[in-house]
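What follows is one structure encoded as structure tokens, with my remarks underneath.
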Amino acid sequence: MLAGALAFLGLCWAPGCGAEHGTLGTLLVVAGDGVGGAVSPLPRPVAGGLDASVAAWVFVSEDCPIARAYMPEIESIAQDFRGRGVCVLVVHVDPQITPARASAHARQYGVSAPVVVDCDHRLVRHCGATVTPEAAVFDSSGSLRYLGRIDDRFPALGSRRAPTTSELRDALEAVLSEEDPDVARAPSVGCLIEELRQ
């Protein structure tokens with residue numbers, strides 16, 4: 001009911017807006033698992049955080065062709081790691097996107113992972129994401145352990161190949177094993193996340 005009302009109004013609702021500096025607050029899940037509920041995007045040892053020991057944010061935008069091409073792989077990763085203590089959040093970064101559009105995008109690509117809208121770029125700033133798609137992996141303490149591409153299927157703009165690496169999957173495996181990922185940063189190829197206008 002709440003999600004529908006927000007979608008109708010075209011609002012980007014986030015109860016955490018205006019929270020103390022350094023906190024991420026909560027975000028409304030607009031599609032996928034937990035739709036209609038508010039979620040704190042990082043694992044936390046207390047109630048109110050993600051029900052997971054590892055969090056992965058995958059930044060997307062509905063009009064980015066590379067992000068669209070990755071949607072099946074993002075959903076596959078979410079499904080493969082779901083029962084292993086990982087929550088993958090699909091994070092829309094376009095400040096103009098509405099919950100209704102983000103929900104429609106999820107339906108179009110068969111995304112069941114929780115989808116949130118980062119209209120004020122709190123999550124973008126928190127990890128330093130610069131393009132879509134780009135992934136950030138956090139351990140149970142909320143520490144950033146990986147930031148970068150999902151894999152190497154797009155080595156450059158306008159170039160696509162079968163992937164030969166799987167940085168996001170590898171980072172998740174490492175963090176689940178309480179180890180450092182072999183690669184902590186891997187440059188992403190995609191659509192620039194534009195800075196918000198003041």
Side-chain angles (χ1 to χ4, degrees), residues 24 27 29 31-34 39-44 49-62 64-93 102 105-106 108-116 118 123-124 126-193:
L24 293 175
L27 297 167
V29 178
D33 292 344
V39 63
S40 173
L42 291 173
R44 290 185 179 179
L50 290 174
D51 185 18
S53 60
V54 177
W57 305 344
V58 184
F59 297 95
V60 302
S61 50
E62 64 178 337
C64 178
I66 297 178
R68 291 197 304 262
Y70 269 107
M71 294 310 294
E73 175 63 6
I74 294 167
E75 174 64 11
S76 177
I77 291 171
Q79 292 291 342
D80 290 348
F81 285 89
R82 175 169 289 163
R84 301 180 58 194
V86 174
C87 180
V88 174
L89 287 180
V90 177
V91 183
H92 279 270
V93 300
H105 183 266
Q108 179 182 358
Y109 290 98
V111 174
S112 64
V115 177
V116 298
D118 187 27
L123 304 191
V124 168
H126 185 78
C127 67
T130 58
V131 301
T132 64
E134 190 165 20
V137 175
F138 298 87
D139 64 18
S140 58
S141 70
S143 296
L144 179 64
R145 304 294 296 281
Y146 172 76
L147 178 66
R149 66 189 181 191
I150 296 167
D151 58 35
D152 68 346
R153 75 186 65 195
F154 287 93
L157 289 174
S159 177
R160 182 173 181 169
R161 65 186 179 194
T164 63
T165 64
S166 53
E167 285 88 353
L168 177 54
R169 287 179 180 271
D170 294 347
L172 290 171
E173 292 285 0
V175 175
L176 282 171
S177 299
E178 299 184 353
E179 298 175 354
D180 292 330
D182 289 339
V183 177
R185 299 286 187 274
S188 298
V189 173
C191 303
L192 186 67
I193 299 175

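Quantities reported herein were computed from a predicted structural model and do not represent experimental measurements.
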[X] and [Y]: which non-hydrogen atoms are nearest, and at how many Å?
X    : Y    : result
V115 : A106 : CG2-CB, 4.0 Å
F154 : A69  : CZ-CB, 3.9 Å
D139 : P43  : O-CG, 3.7 Å
P187 : R149 : O-CD, 3.5 Å
P41  : A55  : O-CB, 3.7 Å
E75  : A113 : OE1-N, 3.3 Å

How would you list, by chain and number, every residue that makes a salt bridge (charged side-chain N to carboxylate O under 4.0 Å, His left out) with [X], sequence neighbours excluded?
X    : answer
R84  : E173
D170 : none
R82  : D33

Output yes when a side-chain donor or acceptor of D118 lies under 3.5 Å from a complementary backbone atom of V124, and no otherwise. yes
Sidechain-backbone polar pair: R145 side chain, E179 backbone, donor-acceptor under 3.5 Å: yes
Distance check, rounded to the nearest 0.5 Å: [X] atom [atom1] versus [Y] atom [atom2]?
X    : Y    : atom1 : atom2 : answer
R169 : S76  : CZ    : OG    : 4.5 Å
L147 : F59  : CG    : CZ    : 8.0 Å
L89  : C87  : CG    : SG    : 4.5 Å
S166 : I150 : OG    : CD1   : 11.5 Å
L172 : I77  : CG    : CD1   : 7.0 Å
W57  : F138 : CH2   : CZ    : 3.5 Å

Do the side chains of [Y] and [X] get nearer than 4.5 Å, heavy atoms only?
X    : Y    : value
L168 : E73  : no
Y146 : E167 : yes
F81  : L176 : yes
V39  : P114 : no
L123 : L27  : yes
L157 : I66  : yes

The criterion is disulfide bond (SG atoms under 2.5 Å apart); which residues satisfy it with C64, sequence neighbours excluded? C191
Residues forming a side-chain hydrogen bond (donor to acceptor under 3.5 Å, both in side chains) with [X], sequence neighbours excluded:
X    : result
T164 : D152
D182 : none
R153 : D151
E62  : R101

Can you give the donor-acceptor pairs under 3.5 Å from side chains of residues 127-134 to other protein atoms, not counting sequence neighbours?
{"residue": "T132", "atom": "OG1", "partner": "S61", "partner atom": "OG", "Å": "2.9"}
{"residue": "E134", "atom": "OE1", "partner": "T130", "partner atom": "N", "Å": "2.7"}
{"residue": "E134", "atom": "OE1", "partner": "V131", "partner atom": "N", "Å": "3.2"}

Taking disulfide bond (SG atoms under 2.5 Å apart) as the cut-off, I'd like each qualifying pair that reaches into residues 130-188, sequence neighbours left out, listed once. none
Applied to residues 154-188, the disulfide bond (SG atoms under 2.5 Å apart) test, sequence neighbours excluded, yields none
Tell me every residue that passes ring-ring contact (aromatic ring centres under 6.0 Å, His included) with H92, counting only those two or more places apart in sequence or in another chain. H105
Start with the C-alpha gap between M71 and V90, add the side-chain angles, then the distance that decides, and say whether side-chain contact (heavy atoms from CB on, under 4.5 Å) holds. CA-CA 9 Å; M71 294 310 294; V90 177; 4.3 Å; yes
